[in-house]
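Written out below as structure tokens is the structure these notes cover.
Quick note: numbers below take in every heavy atom, side chains included, and nothing from hydrogens, waters or symmetry partners.
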Amino acid sequence: MSMFSAFNINASGLTAQRYRMDVISENVANASTTRTADGTPYRRKVVAFEEKGGRDTFQRVLGQATRGQDYTGAGVKVHGVYEDHVTEMNLVYDPSHPDADENGYVEYPNVNIITEMTNMIDASRAYEANSTAFNASKAMVLKALELAQ
């Protein structure tokens with residue numbers, strides 16, 4: 001593993017978690033949006049990650065470990081952003097709302113602020129962990145350069 005591999009892995013984690021925080025912020029900002037450009041209520045978005053640099057099978061990684069080879073991942077990347085079709089939309093009785101149906105119910109987004117804030121804390125802590133690991137790697141490289149003089 002080269003010294004720059006650790007930087008690349010940590011940077012990919014920082015980028016992925018930052019993107020996740022952006023999507024969570026979009027969810028929170030649209031928690032009350034009852035009509036989007038296509039005329040439907042906003043749907044919560046979820047970010048999915050995957051390993052960067054291809055998919056290794058368990059057998060391949062185990063084989064490398066048994067032969068004494070060091071397995072190092074290449075980091076993480078955003079696999080995609082998906083709309084949440086599992087969580088149901090919120091129906092609220094408000095007959096005076098312009099988007100109310102004939103029974104007076106308004107379909108609000110399936111965004112739960114508590115869930116989004118919990119996810120934001122999780123993403124923030126993961127970002128901090130990647131930042132700490134990046135700084136630790138940087139400190140080790142600087143110490144190695146100092147010792148080499």
Side-chain angles (χ1 to χ4, degrees), residues 1-65 69-143:
M1 178 173 160
S2 73
M3 67 178 166
F4 295 113
S5 294
F7 294 144
N8 290 335
I9 291 169
N10 292 321
S12 73
L14 288 168
T15 303
Q17 292 303 330
R18 173 58 194 259
Y19 188 75
R20 182 176 171 213
M21 285 190 272
D22 289 344
V23 171
I24 293 169
S25 298
E26 180 183 337
N27 289 339
V28 171
N30 288 298
S32 299
T33 304
T34 58
R35 190 181 317 165
T36 58
D38 63 357
T40 60
Y42 177 81
R43 279 206 174 270
R44 175 178 181 258
K45 294 182 178 152
V46 181
V47 179
F49 298 136
E50 72 178 359
E51 182 182 354
K52 190 189 275 186
R55 298 173 192 233
D56 286 323
T57 62
F58 178 75
Q59 287 84 10
R60 182 168 174 236
V61 174
L62 182 63
Q64 285 178 330
Q69 296 174 341
D70 187 25
Y71 173 76
T72 304
V76 67
K77 68 179 180 178
V78 174
H79 180 268
V81 178
Y82 304 101
E83 287 187 348
D84 180 7
H85 289 279
V86 176
T87 310
E88 293 185 21
M89 303 297 264
N90 298 319
L91 284 178
V92 176
Y93 183 74
D94 185 3
S96 63
H97 195 283
D99 291 328
D101 63 9
E102 63 276 351
N103 297 323
Y105 285 96
V106 180
E107 193 174 31
Y108 278 93
N110 56 348
V111 176
N112 182 334
I113 297 297
I114 296 171
T115 301
E116 298 303 321
M117 293 309 293
T118 304
N119 289 341
M120 182 67 83
I121 290 169
D122 180 52
S124 175
R125 297 235 171 107
Y127 187 92
E128 280 179 36
N130 278 294
S131 176
T132 302
F134 188 90
N135 288 332
S137 298
K138 184 173 77 171
M140 285 188 276
V141 168
L142 289 174
K143 190 66 172 175

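- Going from atom OG1 of Thr15 over to atom NZ of Lys77 covers 13.5 Å, rounded to the nearest 0.5 Å.
- For Lys52 against Ser12, the heavy-atom pair with the smallest separation is NZ-CB, 3.6 Å.
- Of the possible polar contacts, none joining the Asp84 side chain to the Asn110 backbone as a donor-acceptor pair under 3.5 Å is found.
- For Phe49, the CZ atom is densely surrounded, since the number of other residues' heavy atoms within 6.0 Å is greater than 12.
- Counting heavy atoms from C-beta on, the side chains of Val111 and Asn30 never come closer than 4.5 Å.
- By the 4.5 Å heavy-atom criterion applied to side chains, Arg44 and Thr115 are counted as neighbours.
- Judged by distance alone, the side chain of Ser137 and the main-chain N or O of Ala133 form a donor-acceptor pair under 3.5 Å.
- The two residues Val106 and Thr34 make their nearest non-hydrogen contact at CG1-CG2, 3.7 Å.
- Asp122 places no side-chain N or O within 3.5 Å of a backbone atom of Thr118 that could act as its donor or acceptor partner.
- Using modelled atom types, no side-chain atom of Asn103 and backbone atom of Tyr105 make a donor-acceptor pair closer than 3.5 Å.
- The two atoms that bring Ser25 and Met120 nearest to each other are OG-CE, 3.4 Å, heavy atoms only.
- Note: Thr33 OG1 to Tyr42 OH = 8.0 Å, rounded to the nearest 0.5 Å.
- Judged purely by atom type and a 3.5 angstrom limit, Ser131 has no side-chain atom pairing as donor or acceptor with the backbone of Tyr127.
- More than 12 non-hydrogen atoms from other residues, nucleotides or ligands lie less than 6.0 angstrom from CZ of Phe7.
- Residues Arg18 and Leu14 are not in side-chain contact: their nearest non-hydrogen atoms beyond the backbone lie 4.5 Å or more apart.
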Check the pair Glu26 / Asp22 against side-chain contact (heavy atoms from CB on, under 4.5 Å), numbers first and verdict last. CA-CA 6 Å; Glu26 180 183 337; Asp22 289 344; over 6 Å; no
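- Arg20 is listed as a side-chain neighbour of Asn119, based on a closest heavy-atom distance under 4.5 Å.
- In terms of heavy-atom proximity, Thr36 sits nearest to Pro41 at CG2-C, 4.1 Å.
- Ile9 approaches Gly75 most closely through the heavy-atom pair CG1-N, 3.9 Å.
- Around CD1 of Ile114, the count of heavy atoms belonging to other residues, nucleotides or ligands within 6.0 Å does not exceed 12.
- Atom CG in Asn90 sits 10.0 Å away from atom OH in Tyr108 (nearest 0.5 Å).
- In this structure, the side chain of Asn27 engages the main chain of Lys45 through a donor-acceptor pair within 3.5 Å.
- Considering every non-hydrogen atom in both Pro109 and Met89, the closest pair reads CA-CE, 3.9 Å.
- With values rounded to the nearest 0.5 angstrom, Asn135 atom CG is found 11.5 Å from Glu128 atom CD.
- To the nearest 0.5 angstrom, Ile24 atom CD1 is 12.0 Å from Tyr19 atom OH.
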